[in-house]
A.B. asks: 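Once you've had a glance at the structure underneath, I'll fire off some questions.
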Amino acid sequence: MNLWIDWRLQKATSIADLADSLPETLHLGPSHSCHEKLTVYDDFNGTIWRAGLALLSDDSGWLSLWQKNQQILTTRMPQKNIRFWWQLPAGDLAEKLEKLIAIRAFTPRYKCLISTERLNVLNHDEKIVTRIELYRLEYDDSQPMFLVSLLGLRGYEEDFSRILKSLSPLNPQEVDRLTLRQLLAETGLQTAEFSPVPKFNLLPEEPSEVAVSRMAEIFLSSARQYEAGILADIDTEFVHQYRVNIRKAWSVINQFKNAYTAQRYQELKTGLKILGSRTNTLRDLDVFLLAQDQYINMLPEHLRPGLDALYRRIKRRRTMAFKKVIEALDCAEYQLLVEQISQTLQQKPELATKLSKTGIRSAVCHEGLSLYLKISTKGKNIDAETPDGKIHELRILGKKLRYLLELFGELFPRRQIKQLVGDLKKIQDNLGRFNDYSVQGLFMANIGQEKNITDEQRASIYGLVAVLYNKQNQERSLVETRLAQFCNSQVVDEFQKLFSQPFAKDSEK
Amino acid sequence: MKILACYSIKGGVGKSATAVNLAYWAAKAGYRTLLLDLDSQGASSFYFRVKPPVQKNWGKRFLQAYGQIIKQIKESDYPGLDVIPAHLSFRNFDILLDELGKRKKRLSQALKGLKKEYDLVILDCPPTISRLAENIFNAADIVLVPVIPTTLSERTFEQLLKFFKQQDFNRSKLIPFFTMVDARKQLHHEIAIGMRKNYKHFLRNAIPHATDVEKMGKYRAPIDTFAHNSQANRAYIALWQELEQHLKESDQ
């Protein structure tokens, strides 16, 4: 027999109500009350909650991490309104949050008041036979909610059964075990799964124009979810994810541009390019600021003070760039532009080109195979003497192929897609780092040429440029090996197999 | 799982008070603890407000099947601490043990099944030197003996030592400690010193003669719950800590 049960009660219930309902031979012992005003924190994606945890603070100024009913880590909040793990006192909780949400901010997502009455049901020997916890939950302006946990003691099963029976007039409804997380969920805390990769529900035979327009529209909507976070400057990921979604919208349209008439393609291209470019400077500066520790560690001690001064300069520049982004996003013109793009995507499909009518799966297969063959052909011609520009071209092709595999993945067997994305990732990571070091080096070199740069700062900047150049060369030396791995016969077979096979619904999906 | 028997040939030396308070502190220290009240007088069951089962011949069933023991486990008011209450039929244990086979190891076998559920089983034993006592000495890892520092108690402890020697029980299991000590009495002082000299396994900590121990009957609870700051409570804490060290050492 289960010796526990958790109930949601249909109406307001007091200790006296419980006492009156008990069988005659049993009675309630003294109660112990506890009232907690809780604030639940999480990042934008709900990462902490989805990891089975809850990050909470109460009025006492402590921040605690809970798992089920157990407080596993806690720390004092040095001040209100802190948002990042590195603002917390060094310790286990800060480390855990670093692992969980990294550069994301944790912000208050939900508030509620939980009042708990802990009670014991006693027999005539004053022996506890069942423990009761009566919860009163209040949130927002809604009516309080009442829940109760009953825990019978081993050896007192009969008493427990009698108690359950006697409380049945309270019309209880059984709920999942009332852990702290469950209590919060009962109060209506949003726990809906957030998926950073949206589902498109693609049909293999769907005309390409229809499928691609729908995907781009979904990406555009996803990007818009991040606008509020960008304007509030909660963390740098809002801008990043906004840009990723705009880029993906642009990528699907560009890869299938022949599915559109020239005029419609041009409309979309212009609009999406404008949206993407508005945040370019801010993102570049964010990347630079996020890498502060990494850059400092790259330099010898004597060159570090110059970099500190440079960072102060970059921070001021970031403030300016952020203001410009606000001006660009928080205005009627921006709203109009986004709506226009959205309307274009939702317009009736023209179906005016051959590709526009081709089933999306066939179109993806054709494009995918073509991209892979381009990469492997160009890849075979890469050697130590190949100019950097050619390497960058290859990187862009690789990125297109990766987007294609990931974005249209639902049309193909999951295991195969995973395998090929894994193969592609190895070369892409290498090419990506090669590009990053190149871009960062250029960024630094440009700053080095600005006015008002002191000799100390210039020494640090060029020190860093030299380190980045070395790192770029190291990555460059790996490109040939990685490419050879990616272009081997086994991977060729895999790609050909994936993109030439007829559609079959994958049992894994 | 370790088995700790609170045992003395002599009655009224505080076996049950010791069993109850040690069980309480063991559970508080995180040991999944079961207190088995083997004394038909049921003092420790009374302290924990747990009533004996209503079945007749429960004593016989107890010795026959582990499944029967499980059914009689009662959760105490304290987390991690369960109790098997005493039963009047336990007074016939010796007769029952004579009737059943494997006379000396019957208790040990009956308790074996509990090892998955508990880290520590504390036996509150009746004051008897008999077939049941032999079973207890076989089953227990430690036989904890409360000794009042008086001539009579000294004599009974020597009897116990002699019995262990005669029956070839492992004497290192025997761990005595002084209880009901009245520090103002010269006799208590002298006997304690003498006995410690003769028997090296005596625990360092001792339990004082205190009204708070007697009040356990009034409150029907371990001392900590009603006299947290009392000398007696502190003494039981220290006794438990010393004993815990013994339990850990016996693991190595």
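Lettering of chains follows the sequences in order, A, B, ..., and the numbering in each one begins at 1. Predicted, not measured: the structure shown is a model, and the values here were computed from it.
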A.B. asks: Step by step, would you call B/V50 with A/Y156 a side-chain contact (heavy atoms from CB on, under 4.5 Å)?
C.D. replies: CA-CA 10 Å; B/V50 178; A/Y156 297 91; 3.8 Å; yes

A.B. asks: Can you tell me if CD on A/Q10 sees more than 12 non-hydrogen neighbours from other groups inside 6.0 Å?
C.D. replies: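 Yes, enclosed.
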
A.B. asks: Quick one, A/R154 and B/I70 - any side-chain contact, counting heavy atoms below 4.5 Å?
C.D. replies: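 A/R154 reaches B/I70 side chain to side chain.
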
A.B. asks: Please check if atom CD in B/Q41 has more than 12 non-hydrogen atoms from other residues, nucleotides or ligands closer than 6.0 Å.
C.D. replies: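 Count not over threshold, so no.
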
A.B. asks: When you compare the side chain of B/R49 with that of A/I128, does any pair of heavy atoms fall below 4.5 Å?
C.D. replies: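 A side-chain contact is absent here, since even the closest heavy-atom pair is not under 4.5 Å.
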
A.B. asks: Quick one: does NZ or CZ of A/K127 land under 6.0 Å from the six-membered ring centre of B/F48, within 45 degrees of the ring axis?
C.D. replies: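 No, A/K127 and B/F48 do not form such a contact.
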
A.B. asks: Mark yes when over 12 heavy atoms from residues, nucleotides or ligands other than A/Q87 sit less than 6.0 Å from its CD; otherwise mark no.
C.D. replies: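 Atom CD in A/Q87 is crowded, with more than 12 foreign heavy atoms closer than 6.0 Å.
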
A.B. asks: Looking at every non-hydrogen atom in both residues, tell me the closest pair between B/D77 and A/R131 and how far apart they are.
C.D. replies: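 So the two residues come closest at O-NH2, 3.0 Å.
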
A.B. asks: Please round to the nearest 0.5 Å and tell me the distance separating atom NZ of B/K51 and atom CG of A/D125.
C.D. replies: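 Rounded to the nearest 0.5 Å, the NZ-CG separation comes to 4.5 Å.
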
A.B. asks: Can you tell me if CG on A/N81 sees more than 12 non-hydrogen neighbours from other groups inside 6.0 Å?
C.D. replies: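 No, because the 6.0 Å sphere around CG of A/N81 holds 12 heavy atoms or fewer from other groups.
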
A.B. asks: Counting only heavy atoms not in B/K173 (residues, nucleotides, ligands), do more than 12 fall under 6.0 Å from its NZ?
C.D. replies: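 Above 12, so yes.
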
